[in-house]
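Everything on this sheet refers to the single structure shown next.
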Amino acid sequence: MKIQLIRNATLWLEYGGLNILVDPMLMDAESMPAFSNTPNELRNPRVSLPETETDYLHPDLLIVTHTHPDHWDEAAAKQLRKDIPLLCQPGDEHVFINAGFTIVTAVEDKHEHHSVRFARTSGHHGTGEIGKRMGNVSGFVLEADGEPVTYIAGDTIWCEEPAEAIRRYTPDVIVVNAGGARFNEGDPITMDEHDVVAVKQHAPSAHVIAVHMDAINHCVVSRADLASHLASEQLDGQVLIPRDGESFEF
C-alpha cells in the first residue's frame with residue numbers, strides 16, 4: 001500500500017490493485033473566501049496543490065466522505081472524468097449525479113469493488129448544535145488480501161464512533177483529519193491535538209497519519225502545534241504528519 005497526502009484531506013491511495021482518490025479539493029490557492037464566523041479571514045485554500053508526479057486526475061475509484069467544499073469542490077467536479085466509480089455516504093449521491101457522474105454508489109454499510117472491501121463508518125463533525133448543523137459525515141475502512149487494514153476516519157472528533165471502528169476493525173493504518181477546525185463559538189469540529197493523542201493511545205500499534213492541517217483557514221492546529229503536543233505527551237515521532245505531496249508505503 002502507498003498513501004500520499006495531496007493537500008488538506010485529499011489523499012491518493014494505491015491499494016489492492018486500485019488507484020483511489022479521496023476527498024478531492026482541487027481548486028487553486030485562495031480561490032474561495034474564508035469560512036464565515038471563524039478565527040481569521042485567510043482565503044482558502046491557503047496553499048497551492050503540490051508539484052507531484054501522481055496523476056491524481058485519473059484514479060480508478062473516488063471516495064468522498066462528505067460534500068463540504070474542502071472535501072469536494074467545483075474544480076474536482078469539473079476536472080475528474082464522469083465515468084470514474086464513486087463511493088459516498090447515503091444522502092450525498094444526488095450531488096455527484098447532478099454533476100454528471102455516472103457510477104455513484106451510496107454505501108450503507110459495506111461494499112466491494114474489484115479486490116477491495118469497503119466498510120463505511122460514522123462520526124461527529126463537532127458537538128452540540130454546531131455538530132448538528134455540520135450534518136452527517138463518514139469514514140471508510142479498506143481491506144484487501146495482502147494489504148494493511150486502513151481506516152480513513154473523515155471529519156470527526158474523537159468520540160464513540162471512531163473508537164468503535166478501531167475496536168471492530170483493528171486497523172494497521174489510521175488517517176485522521178486533525179487541525180482542530182472550529183468556529184468562533186463552540187468546540188472543535190475535527191480532531192485537535194488531544195484527539196490525535198487519544199487515537200494513538202487507543203491504537204498504539206497502528207500507523208497514525210494526521211492530515212487536514214495548514215490548508216483551510218479555520219483549522220487552527222498547525223503541523224508544528226501537533227508535533228509539539230505529541231512530544232509533550234511522549235509520543236514524539238509516533239504519529240506521521242506528512243507534508244503536502246509526501247507519501248508513505250506500508
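Counting from 1, the numbers follow the sequence of the chain as shown.
- Note that CG of Leu13 and CG of Asn19 are 9.5 Å apart. Values are rounded to the nearest 0.5 Å.
- His124 and Glu161 share a donor-acceptor pair across their side chains, judged by distance under 3.5 Å alone.
- Residues Leu18 and His114 have side chains in contact (heavy-atom distance under 4.5 Å, counting atoms from C-beta outward).
- A side-chain N or O of Asp225 and one of Ser222 form a donor-acceptor pair less than 3.5 Å apart.
- Proximity of a side-chain donor or acceptor of Arg117 to a complementary backbone N or O of Glu112 within less than 3.5 Å is not detected.
- A pairwise comparison of heavy atoms in Ala144 and Ser115 identifies CB-O, 3.6 Å as the closest pair.
- Scanning all heavy atoms of the two residues, the minimum distance from Phe96 to Cys88 falls at CE1-CB, 3.5 Å.
- Ile216 and Leu49 are members of different hydrophobic clusters when ILVMFWY side chains are connected at heavy-atom separations under 4.5 Å.
- Annotation: side chain of Glu249 is not in contact with side chain of Met1 (no heavy-atom distance under 4.5 Å).
- Within a 6.0 Å radius of NZ in Lys110, more than 12 heavy atoms belonging to other residues, nucleotides or ligands are found.
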Chi angles and distances behind the side chain to side chain contact (heavy atoms under 4.5 Å, CB included) call for Gln89, His66: CA-CA 7 Å; Gln89 65 181 0; His66 67 303; 3.6 Å; yes
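- Under a 3.5 Å cut-off, the side chain of Asn98 and the backbone N or O of His94 do form a donor-acceptor pair.
- Shortest non-hydrogen contact noted between Pro69 and Asp73 is O-CB, 3.6 Å.
- A donor-acceptor pair under 3.5 Å links the side-chain atoms of Arg7 to the main chain of Val47, judged by distance alone.
- Between Ile209 and Ile174 there is no side-chain heavy-atom pair separated by less than 4.5 Å.
- Atom NZ of Lys82 is surrounded by more than 12 heavy atoms from other residues, nucleotides or ligands within 6.0 Å.
- Using a distance-only test at 3.5 Å, with no hydrogens or angles considered, no donor-acceptor pair links the side chain of Tyr151 to the main chain of Ile166.
- Of all heavy-atom pairs spanning Thr65 and His71, the tightest one is OG1-ND1, 4.0 Å.
- Donor-acceptor pairing under 3.5 Å is lacking for the side chains of Ser247 and Gln4.
- The minimum heavy-atom distance linking Leu240 with Pro242 is given by the pair O-CD, 3.5 Å.
- Checking side-chain atoms of Thr105 against main-chain N and O of Val107 turns up no donor-acceptor pair under 3.5 Å.
- The side-chain heavy atoms of Asn136 and His125, taken from C-beta on, include no pair separated by under 4.5 Å.
- Annotation for Glu164: atom CD counts as buried by contact number, over 12 foreign heavy atoms lying within 6.0 Å.
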Audit row: Phe183, Arg133, side chain to side chain contact (heavy atoms under 4.5 Å, CB included) steps and yes/no: CA-CA 12 Å; Phe183 297 97; Arg133 291 205 305 268; 6.0 Å; no
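- The shortest distance between side-chain heavy atoms of Val197 and Leu235 falls below 4.5 Å.
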Verdict with supporting geometry, Met27 and Met25, side chain to side chain contact (heavy atoms under 4.5 Å, CB included): CA-CA 6 Å; Met27 69 180 86; Met25 178 186 68; 4.1 Å; yes
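- Cluster membership for Phe250 and Val116, using ILVMFWY side-chain heavy atoms within less than 4.5 angstrom, is shared.
- Side-chain contact, Thr190 with Asp155: no donor N or O sits under 3.5 Å from an acceptor N or O.
- Around CZ of Arg167, the count of heavy atoms belonging to other residues, nucleotides or ligands within 6.0 Å exceeds 12.
- In summary, the side chains of Asn177 and His212 do not present any donor paired with an acceptor at a separation below 3.5 Å, with no hydrogens or angles considered.
- When the shell of 6.0 Å around CD of Glu51 is examined, it contains 12 or fewer heavy atoms from other residues, nucleotides or ligands.
- Asp195 contributes no side-chain N or O that, together with a main-chain N or O of Ile157, makes up a donor-acceptor pair within less than 3.5 Å.
- Without hydrogens or angle criteria, Arg46 side chain to Glu30 main chain gives no donor-acceptor distance under 3.5 Å.
- Residue Val173 is grouped with residue Ile20 when hydrophobic side chains (ILVMFWY) are merged at heavy-atom distances under 4.5 angstrom, including chains of intermediate members.
- Atom CD of Gln201 is separated from atom CD of Gln238 by 10.0 Å, given to the nearest 0.5 angstrom.
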Criterion salt bridge (charged side-chain N to carboxylate O under 4.0 Å, His left out) on Asp244 and Arg223, from CA distance to verdict: CA-CA 11 Å; Asp244 293 348; Arg223 291 178 173 100; 2.8 Å; yes
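- Between Ile130 and Gly186, the closest heavy-atom pair is CD1-CA, 3.9 Å.
- Using a 4.5 Å cut-off on side-chain heavy atoms (C-beta onward), Thr102 and Val104 make no contact.
- Within 6.0 Å of atom CD in Glu160, more than 12 heavy atoms from other residues, nucleotides or ligands are found, so the atom counts as buried in its surroundings.
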Worked verdict on Trp158 versus His194 for ring pair (Phe, Tyr, Trp, His ring centres under 6.0 Å): CA-CA 9 Å; Trp158 176 250; His194 305 285; over 10 Å; no
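- Taking CD1 from Ile152 and OG from Ser138, the interatomic distance works out to 12.0 Å, rounded to the nearest 0.5 Å.
- In the model, Asp23 has no side-chain atom that pairs as donor or acceptor with a side-chain atom of Thr10 under 3.5 Å.
- Here the straight-line distance linking atom CD1 of Ile6 with atom CG of Leu21 works out to 7.0 Å at 0.5 Å rounding.
- When side chains are defined from C-beta on, Ile241 counts as touching Leu230, because their heavy atoms get closer than 4.5 Å.
- Contact of the Leu80 side chain with the Leu62 side chain is registered, since non-hydrogen atoms from C-beta on lie closer than 4.5 Å.
- Although no hydrogens or angles enter the test, the distance criterion places no donor-acceptor pair under 3.5 Å between the side chain of Thr54 and the main chain of Thr52.
- Atom CG of residue Asp192 and atom SG of residue Cys219 lie 11.5 Å apart, to the nearest 0.5 angstrom.
- Ring to ring, Trp12 and Phe248 are not that close: their centroids are 6.0 angstrom or more apart.
- Side-chain rings of His113 and Phe118 stay apart, their centers remaining 6.0 Å or farther from each other.
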Intermediate values then yes/no, side chain to side chain contact (heavy atoms under 4.5 Å, CB included), Leu57 and Gln79: CA-CA 7 Å; Leu57 291 180; Gln79 294 177 36; 3.6 Å; yes
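- For Asn217 (side chain) and Asn40 (main-chain N/O), a donor-acceptor pair under 3.5 Å exists by modelled atom type.
- Taking the six-membered ring for Trp and thresholds of 30 and 60 degrees, Trp72 and Phe101 have ring planes more than 60 degrees apart, a perpendicular arrangement.
- A chain of hydrophobic side-chain contacts below 4.5 Å, direct or via other Ile, Leu, Val, Met, Phe, Trp or Tyr residues, connects Val22 to Val211.
- Tracing side-chain contacts under 4.5 Å through hydrophobic residues (I, L, V, M, F, W, Y), one never reaches Leu87 starting from Ile103; they form parts of separate clusters.
- For the atom pair CG of Asp60 and CD1 of Ile84, the computed distance is 8.5 Å after rounding to the nearest 0.5 Å.
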